[in-house]
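For reference, the structure discussed in these notes is given below.
Just so you know, residue 1 is the first one in the sequence shown, and it goes up from there.
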Amino acid sequence: MKPNMGLISGSLGFILLSTLLFSKVQGAVRNYYWVVKETNFTKLCTTSTVLTVNNSFPGPEIHAKKGDTVFVTVQNAGPYGISIHWHGVRQPRNPWSDGPEYITQCPIKPGGNFTQEINLSTEEGTLWWHAHSDWSRATVHGAIKVFPANGTSYPFDKPDGDQTIVFSSWYKSDVMDVLDEALTSGGDPNVSDAYTINGEPGDLYDCSNETMYSLLVETGKTYLLRIVNSILNEEMFFAIANHNLTVVGSDGAYVKPFSTDYLFITPGQTMDVLVTANQAASYYYMVLTPFLDTDSSYDNTTSRALIKYRGNYTAPTSIPTPTFPNISDSISAQLFVVRLKSLADAAHPIHVPKNITKQIFMTVSVNLFACPNSTGCTVDGNNKLAASLNNNSFVMPSTSLLQEYYDNNYNVSHIADEFPNKPPTPFNYTTVADMSAYTSEGTRLITFNYGDEVEIVFQGTNIGATQNHPMHLHGYSFYLVGTGSSDFDNGTDPGRFNLVDPPEVNTVAVPRKGWTAIRFKADNPGVWFMHCHFERHTTWGMSTVVIVKDGGTNETSMRPPPSYMPPCS
């Protein structure tokens, strides 16, 4: 399919004009041009046709410095609509380029294009971008590397090397067919056929030994690994044989460095990790394996890649491999999470809200819907799987919520209802055995006033298939102030919150039959998506939308839309 050159010319002209406008007040302006199209790859002995950006899997990286503005023109030469989200980018006052379909925009139609403006502000470290339409993010994703601004440096010794490591899911079949089959049956979608490390499954899978990813290192040098978990539906453990990992950042913010022999990383999260090549010159496996303490279906396979030292030596006949926590070791997962702490120093200050004006207690559940006319559904007789927040399964609108909000004088009451700030029926959330698995559905939204100091407690429940849930909020990073097992105790648990140096993240794991508390200040006006980063749970409705009202000045109000947005019809 040939690109529409008229639209491209208009987009490039918009980029040039925006460059002139923004270069005076912000950092550098960087421009990218991407083409989304189908590409053939042969993996696992099978040739598959997948959607890519610029024919690459994973997709191209964005390189920028803190404070830069990036313009990306996305040309859709694929067979269906697409949208792109800049995961973890705050996008101050600019939800128009955030990307989730039918929340901030309608999909870019085949043959169309859209120039998105990515405003980097407080972020520094590793973030990522991905498709935010249906399940196309399986192969449409890549890293965003945000380097220190001019005149500043890392809060650690500058590494000798810098390497991105992206974890992905690989399906032999068309991922859209997997989704369509699951929606038709109402059941769990088929699991992926492999995990990949930088696009390669590794030598434990068929036809994958020769293509396994390898990282060349030199003895004595230290490498910054920028790790991105873009896997669709599983949280993961990761380790490198005989090498300690020093975690120095997560989700585009630095953390107090700590040494560990494994990572626990959820879909949506990124981690910056230092590794020193301090072992005998040889080969060492780096290994990716799932964490899942649930009865749900999952891809129980393992991906491997290699660390290879430079030098003259004989390749080992037996390559060292790391040891891992058990696949369902929730204690090891949580012990890793609680080690994440902000630097919280003069150069990297934090501002944890202390005077909470808006509290939300939010249950997170996998549920059921009764199938209409008892046709086609396969779960427990005549039901289909669903998911909810506070017993509401989100119904995606058919038009852009953000556009409706803007066009209707900052009001969407004609198409959406208010989201409850607590469950409609309180119960013993993690021990109840007789609570109905059925849920309501609707397009329900949370509204904050500008400047609200917000606390949200996510509570896992014993309803349906219980498991961890990676919750992500667009437009914000938030402070992870507490997490624990069982039911949240409003009398005692807040007294144990970390309000001194909590990590500032954008995606957080809510423990199976446990709770997680976050805080943030509602100072980024706009319309922002909140959802579980397991793709199947978002599909089933485990999401809502946060609207933050404008403040009283231009600088505290949402920007107007750009001259062109993808049309909804």
Side-chain angles (χ1 to χ4, degrees), residues 87-90 122-123 127 235 250-253 255 264-271 333-334 336-342 344 350-365 389-390 419-423 429 445-449 451-461 468-485 487-490 493-512 514-524 528-534 537-538 542-548:
H87 186 114
V89 178
R90 180 175 166 84
T122 60
E123 308 88 353
L127 299 170
E235 296 168 311
S250 181
D251 284 4
V255 300
F264 166 67
I265 183 167
T266 74
Q269 280 187 315
T270 63
M271 291 196 182
Q334 283 305 103
F336 182 88
V337 170
V338 298
R339 297 186 72 185
L340 294 168
K341 299 180 187 298
S342 291
I350 62 171
H351 305 282
V352 184
K354 305 283 180 65
N355 302 306
I356 302 303
T357 59
K358 188 81 175 215
Q359 286 183 303
I360 298 177
F361 184 79
M362 189 178 296
T363 53
V364 183
S365 304
L389 300 173
N390 275 356
F419 184 89
N421 62 7
K422 60 183 179 181
Y429 303 106
L445 319 179
I446 301 170
T447 301
F448 296 135
N449 291 320
D452 270 341
E453 297 197 1
V454 180
E455 178 182 287
I456 300 176
V457 176
F458 296 104
Q459 175 69 64
T461 74
N468 270 34
H469 295 283
M471 297 302 299
H472 172 52
L473 172 60
H474 293 219
Y476 285 86
S477 290
F478 47 78
Y479 296 103
L480 168 58
V481 297
T483 186
S485 58
D487 286 11
F488 178 74
D489 188 324
N490 198 44
D493 284 328
R496 292 191 283 267
F497 283 176
N498 175 11
L499 304 181
V500 176
D501 57 358
E504 190 173 8
V505 295
N506 60 62
T507 306
V508 65
V510 179
R512 175 179 181 260
W515 58 270
T516 290
I518 68 170
R519 289 186 178 184
F520 62 94
K521 186 173 182 177
D523 57 0
N524 190 14
W528 308 105
F529 201 31
M530 176 188 287
H531 61 100
C532 179
H533 225 276
F534 286 151
H537 290 174
T538 297
M542 191 177 285
S543 53
T544 186
V545 169
V546 170
I547 292 181
V548 177

So which heavy atom on [X] is nearest to which on [Y], and how close?
X	Y	result
G88	E123	O-CG, 3.7 Å
N468	F534	O-CE1, 3.1 Å
S477	N506	OG-CB, 4.4 Å
Q359	N421	O-CB, 3.9 Å
S250	L340	CB-CD2, 4.5 Å
V364	M542	CG1-SD, 3.4 Å

Side-chain heavy atoms of [X] within contact of [Y], under 4.5 Å:
X	Y	result
P267	E235	yes
N498	V481	no
P503	V508	no
H533	T266	no
L480	V337	yes
M471	L389	yes
Y479	H351	yes

Got a second to check how far [X]'s [atom1] is from [Y]'s [atom2], nearest 0.5 Å?
X	Y	atom1	atom2	answer
F529	T544	CZ	OG1	8.5 Å
E455	K358	CD	NZ	13.5 Å
K521	N355	NZ	CG	10.0 Å
I356	I456	CD1	CD1	10.5 Å
F448	I360	CZ	CD1	4.0 Å
K422	Q459	NZ	CD	15.0 Å

Side chain [X], main chain [Y], donor-acceptor under 3.5 Å:
X	Y	result
D251	T507	yes
T483	W515	yes
S485	G514	no
D452	T357	no

Distance to the ring centre below 6.0 angstrom and angle to the axis at most 45 degrees; does that hold for R519 and F478? no
I'd like to know whether V352 forms a side-chain contact (heavy atoms from CB on, under 4.5 Å) with F497, so could you lay out the CA-CA distance, the side-chain angles of the two residues, the decisive distance to 0.1 Å, and finally the verdict. CA-CA 11 Å; V352 184; F497 283 176; over 6 Å; no
Give the ring-plane orientation class for H469 versus H537, where under 30° counts as parallel, over 60° as perpendicular and anything between as tilted. tilted
Give the ring-plane orientation class for W528 versus Y476, where under 30° counts as parallel, over 60° as perpendicular and anything between as tilted. perpendicular
Out of I446, V510, T516, which residue meets the side-chain contact (heavy atoms from CB on, under 4.5 Å) rule with M362? I446
Tell me, please, which residues at least two apart from S365 pass side-chain hydrogen bond (donor to acceptor under 3.5 Å, both in side chains). T461
Taking NZ, NE, NH1 and NH2 as the nitrogens, is one of them in R496 or D489 under 4.0 Å from a carboxylate oxygen of the other? no
So, H531 versus H474: side-chain donor-acceptor pair below 3.5 Å or not? yes
